[in-house]
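Below is one structure, written out as structure tokens, with a few remarks after it.
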Amino acid sequence: MADISLTLPDGNQRIYAAGVTGMDVAADISKSLAKSAISCSINGKHSDLSQAITENSDFAIHTMKDDAQALELIRHDAAHIMARAVQEIWPDVRVTIGPVIENGFYYDFDRDAPFTPEDLGAIEKKMREIINKREPVTTELWDRNRAIKYYEANNEPYKVELVGMIPEGENLRMYWHGHWQDLCRGPHLVHTGQVPADAFKLQSVAGAYWRGDSKNKMLQRIYGVAFKNKLDLKAHLHMLEEAEKRDHRKLGREMDLFHIQEEAPGMVFWHPNGWTLYRILQDYMRRRQIADGYLEINTPEVVDRKLWEASGHWDKYRENMFITEIDEEHANEKRTNALKPMNCPCHVQVYNHGLKSYRDLPLRLAEFGSCHRYESSGSMHGLMRVRGFTQDDAHIFCTEGQIAAETKKFIELLTRVYRDLGFDSFEIKFSTRPDVRAGTDEVWDQAEEALEAAIKALGLPYETDPGEGAFYGPKLDFKLTDAIGREWQLGTFQADFVLPERLGAEYVGEDGMKHTPVMLHRATLGSFERFLGVLIENYAGRFPLWLAPRQIVVAAIVSDADDYVLEVVEALRARGLRAEADIRNEKINYKVREHSVGKVPVILAVGMREVEERTVSIRRLGDKGSKVESLEAIVTELANEALPPDLR
RNA sequence: GCUGCUGUAGCUCAGAGGUAGAGCACUCCCUUGGUAAGGGAGAGGUCGAGAGUUCGAUUCUCUCCAGCAGCACCA
């Protein structure tokens with residue numbers, strides 16, 4: 001056989017006979033490398049060490065030191081080992097698929113009785129046994145028919161179905177972990193003992209549809225996490241605990257922000273603290289939008305079905321709309337109304353009132369529009385997914401030629417808003433024309449170019465998602481990253497060539513003829529509810545002063561200071577600060593603890609010393625100590641600090 | 001909507017076929033205390049809703065509602 005040349009990551013080249021395996025090369029380099037090797041990359045493709053190399057290639061050996069590869073393999077092999085363990089304990093369980101996911105893996109099984117938490121312990125134990133056997137992982141290429149016959153003989157219908165989906169003529173890779181075998185793309189570790197027995201944990205059991213389709217049978221999914229070592233696992237479990245602590249549903253209760261109750265699932269009862277936060281955010285958005293040339297409007301929430309039929313929503317989304325009938329006692333005519341699931345049809349009604357000229361464009365109509373959507377019972381989640389919500393919605397009516405400038409203007413607004421609210425980074429997803437769409441190719445060309453040009457003009461990175469646009473136009477989605485690295489899709493910007501026409505929106509152009517405007521749907525926060533959920537979790541409830549619903553508590557150390565406490569509160573309130581007095585019969589330790597737990601950013605403690613010197617002792621949330629300043633200085637300092645970013 | 005789990009005081013949770021308990025919070029009293037829980041007393045619950053089994057159900061069974069985890073969905 002001819003010789004081939006392998007280029008190692010350090011640039012060195014080595015010559016081997018064609019057909020050499022990664023393991024051969026590792027052994028040739030050093031004995032210890034052969035021992036620690038877990039996989040290799042051949043021309044950048046992550047491969048098994050047993051893979052034969054037949055041509056000149058860039059080549060790298062991976063060990064446990066290569067995080068990306070090591071974690072992928074550990075998790076992937078852990079999934080296989082888990083499946084093997086399950087089948088060893090319950091031979092009648094059918095296997096399906098088990099991929100690697102963030103931090104871990106899962107495997108879907110078909111089994112009559114669901115797994116219980118106790119089962120997970122038994123499976124973990126069996127997995128450790130398999131790991132401790134240190135059995136070699138081997139692989140073979142099979143042709144389709146052999147694989148189908150094999151799986152039919154072994155009563156694995158899901159595997160038969162999977163093999164059936166692989167194109168004719170393509171060989172399949174089969175892997176063995178000891179006697180247990182699975183169809184898999186690979187690559188895998190060298191032996192089962194390379195999965196760290198003390199660094200994985202089975203987390204939970206849940207149902208999942210076969211091939212992700214709700215028409216299919218529901219399988220039993222087991223989720224697990226796996227890491228390189230015990231410490232990483234512990235760190236991950238700790239991180240989960242931390243994330244739980246900042247859960248907005250928990251903080252919402254603790255900080256007395258809102259609640260949701262049985263009689264109105266998916267609808268929020270905002271408490272004084274939460275509504276203060278909501279209002280601060282809304283006032284801020286209102287100022288930002290007005291500064292950007294938006295005109296605020298307000299439209300009905302209950303609207304006759306005729307409008308939804310005209311807009312097309314009745315056909316497409318009726319199942320998700322709250323529909324009301326007016327009973328005959330109260331109406332001469334029986335009619336069917338729907339709670340608005342979105343604002344756009346109503347905004348077109350406002351636009352349509354009165355003849356519009358090209359001189360009126362772009363016309364930016366904004367509404368903090370209260371919408372209702374009947375979300376399925378299983379999808380609701382605190383404030384993040386609700387049935388009643390308010391969008392920071394606006395529709396920009398403009399000409400095709402104005403799309404680019406409006407896109408740019410909007411992205412600039414969104415960037416400012418996100419930054420002001422503590423989110424420094426976000427990603428843009430650009431979705432282009434789908435196969436089934438309305439509008440001519442020329443219009444799509446123009447709109448896609450306009451959107452893309454706007455992102456480029458701002459020098460922002462973005463990702464293109466071909467074919468993912470709405471049927472009525474291309475769109476941009478904005479995903480931000482919060483303080484603990486989670487991503488949230490909130491803002492959106494969508495061009496629409498369909499709705500204005502459907503609802504008869506027109507303007508008189510320079511040519512004196514009637515034209516149909518383009519409508520740009522856009523939201524920055526998305527919905528206030530969801531955004532506040534994200535905001536609460538991002539700050540873990542410890543809001544910057546301008547956002548904090550309770551900004552300052554003035555606490556008396558002795559009751560002789562009560563009058564002065566009230567005076568300080570008055571002085572703070574006079575400057576628009578949200579200040580409360582705490583003159584309860586409690587010790588200062590108690591008060592400090594309670595308000596710290598309540599995440600009040602500033603506690604001003606006053607005793608007789610402060611009364612006499614007209615000072616206050618200021619303690620900031622999270623600080624250990626306090627410092628004394630004059631009342632006058634504190635009021636000015638806090639008043640400045642509490643200004644919203646757009647007013648500074 | 002689907003699979004599984006859960007529903008007891010405002011919150012976190014314990015409990016049992018004979019009609020309920022703890023801690024914190026709340027109210028009152030004592031205490032005037034200098035930066036993360038001072039002491040005492042008291043009040044508070046149709047045990048998610050409905051039906052069934054039973055002499056008796058909050059406990060067992062069924063149905064429904066809601067929540068949680070995941071899946072599906074998300075204009």
Can you tell me how far [atom1] in [N] sits from the matching atom in [M], rounded to whole Å?
| N | M | atom1 | answer |
| --- | --- | --- | --- |
| B/A41 | B/A57 | P | 36 Å |
| B/A20 | B/A9 | C1' | 11 Å |
| B/U46 | B/U59 | P | 16 Å |
| B/U54 | B/G1 | P | 34 Å |
| B/A22 | B/A16 | C1' | 16 Å |
| B/C30 | B/U12 | C1' | 29 Å |
| B/G7 | B/G50 | C1' | 16 Å |
| B/C65 | B/G48 | C1' | 7 Å |

task = Establish, from distance only, whether the side-chain atoms of A/His347 and A/Gln349 form a donor-acceptor pair under 3.5 Å.
result = no
request  = Say whether A/Glu375 and A/Asn320, considering side chains only, have a donor N or O and an acceptor N or O under 3.5 Å apart.
outcome  = no
Base of B/A72 paired with side chain of A/Ser376 (donor-acceptor, under 3.5 Å) = yes
key: Polar side-chain contact A/Arg211-B/A72 base: donor and acceptor under 3.5 Å   = no
Among the candidates [options], find the nucleotide nearest to the side-chain atoms of [X].
| X | options | result |
| --- | --- | --- |
| A/Lys587 | B/G33, B/A37, B/G34 | B/G33 |
| A/Ser214 | B/A72, B/A36, B/U32 | B/A72 |
| A/Met380 | B/A75, B/G67, B/G33 | B/G67 |
| A/Arg385 | B/C74, B/A36, B/A69 | B/C74 |
| A/Asn589 | B/A72, B/U12, B/A37 | B/A37 |
| A/Glu586 | B/G34, B/G38, B/A72 | B/G38 |
| A/Tyr590 | B/U12, B/G38, B/C71 | B/G38 |

Sub-6.0 Å ring centroid separation between A/Phe258 and A/His271 = no
ask   = Is the A/Trp488 to A/Phe423 ring centre distance short of 6.0 Å?
value = no
remark   = For B/U63, the nucleotide meeting Watson-Crick or G-U wobble distances (both under 3.5 Å) is B/A49
remark   = pair_partner(B/G42), Watson-Crick or wobble, both distances < 3.5 Å, evaluates to B/C26
key: Spacing of A/Ile260 atom CD1 relative to B/C68 atom C1', expressed in whole Å   = 13 Å
ask   = Under 4.0 angstrom, heavy atoms only, what part of the nucleic acid is A/Tyr223 near: base, sugar-phosphate, or nothing?
value = sugar-phosphate
request  = Would you indicate what A/Glu254 reaches in the nucleic acid, counting non-hydrogen atoms under 4.0 angstrom: base, sugar-phosphate, or nothing?
outcome  = nothing
key: Reference residue A/His521; test ring pair (Phe, Tyr, Trp, His ring centres under 6.0 Å); the match among A/Phe397, A/Phe493, A/Phe410, A/Tyr472   = A/Tyr472
